[in-house]
Every structure is written in C-alpha cells, then in structure tokens.
Amino acid sequence: MTPITEVEGRRLALSNLEKVLYPATGFTKGEMLHYYATTADALLPHLRDRPLSFLRYPDGPDGQVFFAKNVPPGTPDWVTTAEVPRVEGPARMVLVQDLASLMWAANLVTEFHTPQWVIGAPGEADRLVFDLDPGSPATVVECCEVALWLRERLAADGIEAYAKTSGSKGLHLAAAIRPAPSEQAAEYAKELAVEAEKAMPRLVIHRMTRSLRPGKVFVDWSQNAARKTTATPYTLRARRAPTVSAPVTWAEVADCRSPGNLTFLAPDLAPRLQDYGDLLAPLLDPDRAGPLP
C-alpha cells in the first residue's frame, strides 16, 4: 500500500520508497525524497517562479530517461501552473512554489531544470549562465581554469559570478543580472565565450562541434536563450551515483586538482549547507545584479 504523507497540509502518496534508483551506491527513492526535504530551504528559492522542465528517470539512470515540459497527467490541483509562451504555441507548465509541490515533483523522480527568467517576465533574463563542459581527456579541473578566467572577465564588466558543479562532468557559472532580453544575454555570453577561446585557444572552444572538443572545455553560452533551461542548483542528476549540482566556493574551484575534489553526492549536501549556507543566495538579491554592458 502506498503510504500517504502530509506536507504543509497537503496529502501526498509517496510510492516505491525502497526502490534503488542509483545502482552504484544503492541510494533509494526514499533517500532521494529525504534529500529534497532536507535541502528544500536552499533549493526552493532557486525554483520559485521559474517554469519547471522535468528530466524524468523513474527507473533510475539505466532505465528510460525523458524530458517533459507540460503539466504531467494527474498533477494535483493545488500545484501552481502557468501558461508559458513558446514558439510552437503556449503551454501550461509547473511552478514549484512550496515544499509540498517540491515533494510531489520529486516523487516523480526527476532532475529539475529551469530557465534564466521568471514567469512574470518570460524572455527577460535575470540570470546569466555558462555551462563548462569538458571533452575527454579534459575534466572539471580544466573547467576550473576556464571558470576563473570568466569570473575575472565578468567582474571587469561589473558582474559577479558564482560557481556550482554540473553534477555530471563539468561546472556551471551563474550571475545575477538586471533584467534584459534573453537574446541580449545570450549574445553577451557568446562574446565572452569567443574571448575565452582567443585567450586560451588550446583549452577553450565556444562551438558545439564534436570533432573539435576532445581535450578542450566547451563554453556553452546558448543556455541563455529564452527557450533553454539549465540544471537547477541542488538538483540530483540521473547518473549512476546520486551526484548533485552543488554550489562551490571560488577557493574550491582554484584548488581543484582532480575531478573527485568537486564531486558531491546527496549525503554531502547537509554538512555543506551547515558550513556555508546557500553559496548561491546572492543570485536571489536584486541589489547584487549587474547590468549587461
């Protein structure tokens, strides 16, 4: 029988709690739900008001993995939804605004992906992102070198960058910006990616061309496009172990000497939050947002 849990006055049926989702460590669905419940205070502000794209993996990373943007069938009527403009026509999407909605969504077994804009201003970016993706044999170590260059370059334009692991192989940079059209944010990010390639031609590439990527860090600027999304801070990823897209300090970035230095699993996050709080909290402060040049 599926247990019924009450979360902030909402009744939730949380299913298959003993199911192993991450075969490398034996991490179960129940442990995943516990992770989200205990990380919610840090995670929810980064989800709030941003239409959610689900990357679902209900049978773990070795099973079917699929993207879903529309409101899933059976969504409770108390979960907030909103109409979102799209090229192919408007669609209704989920907004995770509270703990009950977070636990309902987590029970579907999903990564959380969000755009760089909020529902009140679709296509008006309030965040700038760079996804640093290493082509083997490059690793997150090389990504860190590129991240430090980008941090300095952004600071020269009055924009303060913060870092998090992708939860996969790479590193994400994020910055709060004063609202600007997504096209403008993407164009600025592309300019910096091109600059980075010119400054570090043996290390950086700004184009997605697969044949050019071995041994280099692809600076993906395109996730600033209004239609694109990025893994939300603190989301678990659909990998063999329960890796998290975890905020990191710039000292950790500068000191990274091997991929293991910046690999964080779900159980690592509670002590990190206790020690550091939410390292990405400045992204939520409009007073910290820099203007695009």
Side-chain angles (χ1 to χ4, degrees), residues 5 7 12 14-48 50-69 72 79 94-115 129 131 133 140 162-172 174 223 229-248 259-274 276 278-280 283:
T5 303
V7 181
L12 285 174
L14 303 178
S15 57
N16 302 317
L17 300 183
E18 302 302 318
K19 185 176 187 175
V20 173
L21 292 177
Y22 292 89
T25 62
F27 194 77
T28 66
K29 186 176 178 186
E31 290 173 303
M32 180 201 72
L33 292 169
H34 176 76
Y35 165 77
Y36 281 119
T38 55
T39 314
D41 285 349
L43 168 57
L44 276 170
H46 296 286
L47 286 170
R48 199 166 283 127
R50 297 182 191 271
L52 178 66
S53 293
F54 300 84
L55 181 63
R56 295 194 54 196
Y57 54 109
D59 296 313
D62 294 334
Q64 187 183 13
V65 180
F66 57 97
F67 250 116
K69 289 182 177 280
V79 171
V94 166
L95 301 175
V96 174
Q97 305 291 75
D98 51 42
L99 179 61
S101 300
L102 173 64
M103 299 313 295
W104 163 79
N107 187 59
L108 299 176
V109 188
T110 184
E111 293 184 3
F112 295 93
H113 291 248
T114 40
V129 295
D131 180 359
D133 187 14
V140 74
Y162 299 86
K164 67 182 180 79
T165 65
S166 67
S168 181
K169 298 176 294 182
L171 201 65
H172 293 163
Q223 290 183 23
T229 61
T230 305
T232 308
Y234 303 103
T235 186
L236 280 160
R237 303 303 303 265
R239 313 290 293 178
R240 291 204 45 87
T243 54
V244 174
S245 185
V248 291
N261 295 155
L262 289 184
T263 300
F264 299 101
L265 304 183
D268 299 325
L269 266 290
R272 285 185 66 80
L273 283 167
Q274 194 166 359
Y276 297 115
D278 177 16
L279 288 166
L280 299 184
L283 296 178

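Just so we're clear, the structure is a prediction, and the values are computed from it rather than from any experiment.
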> Nearest 0.5 Å, please: how far is OG1 in Thr39 from CG in Leu102?
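Leu102 atom CG to Thr39 atom OG1 measures 9.0 Å (nearest 0.5 Å).
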> Measure the CG-OH distance between Leu269 and Tyr35 for me, rounded to the nearest 0.5 Å.
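It is 4.0 Å, given to the nearest 0.5 Å.
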> Do the non-hydrogen side-chain atoms of Arg50 and Thr229 ever get within less than 4.5 Å of each other?
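Not touching, per the 4.5 Å side-chain cut-off.
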> Which residue pairs pass the salt bridge (Lys or Arg N to Asp or Glu O under 4.0 Å) test with at least one member in residues 236-248, sequence neighbours excluded?
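Sorted result for residues 236-248: Asp62-Arg240, Glu111-Arg237.
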> Is the shortest side-chain heavy-atom distance between Thr235 and Tyr36 below 4.5 Å?
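SC-SC contact between Thr235 and Tyr36 confirmed.
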> Quick one: pull up CG in Leu95 and OG1 in Thr114 and give me the separation to the nearest 0.5 Å.
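Going from the CG atom of Leu95 to the OG1 atom of Thr114 covers 11.0 Å.
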> Tell me if a side-chain donor or acceptor on Ser245 pairs with a main-chain N or O of Thr165 at a distance below 3.5 Å.
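Answer holds: yes.
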> Roughly how far, to the nearest 0.5 Å, is the CG atom of Leu43 from the OG1 atom of Thr38?
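Rounded to the nearest 0.5 Å, the OG1-CG separation comes out at 10.5 Å.
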> Are any of the side-chain heavy atoms of Pro247 and Tyr162 separated by less than 4.5 Å?
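SC-SC contact between Pro247 and Tyr162 ruled out.
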> For the CG atom of Leu265 and the OH atom of Tyr22, what is their distance to the nearest 0.5 Å?
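Between Leu265 CG and Tyr22 OH, I get 10.0 Å after rounding to 0.5 Å.
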> Side-chain contact, heavy-atom cut-off 4.5 Å: Leu262 with Leu171?
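A side-chain contact exists here, since the closest heavy-atom pair is under 4.5 Å.
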> For Pro51 versus Pro115, what's the shortest heavy-atom pair and its separation?
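Minimum heavy-atom contact is O-CD, 3.2 Å.
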> Which pairs, with at least one residue in residues 52-61 and sequence neighbours excluded, count as a salt bridge (Lys or Arg N to Asp or Glu O under 4.0 Å)?
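Applying salt bridge (Lys or Arg N to Asp or Glu O under 4.0 Å) to every pair that reaches into residues 52-61, excluding sequence neighbours, yields Lys19-Asp59.
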> Given Val244 and Leu236, is the side chain to side chain contact (heavy atoms under 4.5 Å, CB included) satisfied, shown in steps?
CA-CA 4 Å; Val244 174; Leu236 280 160; 3.7 Å; yes
> May I ask you to decide if Leu55's main-chain N or O and Thr110's side chain share a donor-acceptor pair within less than 3.5 Å?
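Between the backbone of Leu55 and the side chain of Thr110 there is a qualifying donor-acceptor contact (under 3.5 Å).
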> Between CE of Met32 and CG of Leu14, what distance do you get to the nearest 0.5 Å?
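Going from the CE atom of Met32 to the CG atom of Leu14 covers 9.0 Å.
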> List the steps and the verdict of side chain to side chain contact (heavy atoms under 4.5 Å, CB included) for Thr28 and Leu17.
CA-CA 7 Å; Thr28 66; Leu17 300 183; over 6 Å; no
> Other residues, nucleotides and ligands only: do more than 12 of their heavy atoms fall within 6.0 Å of CG on Asn261?
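Yes.
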> Under 3.5 Å, is there a donor-acceptor pair between the side chain of Lys169 and the main chain of Asp133?
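Here the side-chain-to-backbone pair does not exist.
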> Please evaluate residues Thr243 and Ser168 with respect to the criterion side chain to side chain contact (heavy atoms under 4.5 Å, CB included), reporting the C-alpha separation (whole Å), side-chain torsions for both, the decisive distance (0.1 Å), and the verdict.
CA-CA 7 Å; Thr243 54; Ser168 181; over 6 Å; no
> Filter on side-chain hydrogen bond (donor to acceptor under 3.5 Å, both in side chains), then keep only pairs touching residues 94-105, sequence neighbours left out; what's left?
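Listed once each, the pairs are Asp49-Gln97, Asp98-Ser101.
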> Using the rule side chain to side chain donor-acceptor pair (under 3.5 Å), only one of His113, His172, Gln223 pairs with Thr230; which is it?
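Answer to the side chain to side chain donor-acceptor pair (under 3.5 Å) test with Thr230 among His113, His172, Gln223: Gln223.
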> Could you go through the side chain to side chain contact (heavy atoms under 4.5 Å, CB included) check for Leu21 and Val109 one step at a time?
CA-CA 9 Å; Leu21 292 177; Val109 188; 3.9 Å; yes
> Aromatic ring centroids of Phe112 and His46 under 6.0 Å?
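No, the ring centres sit 6.0 Å or more apart.
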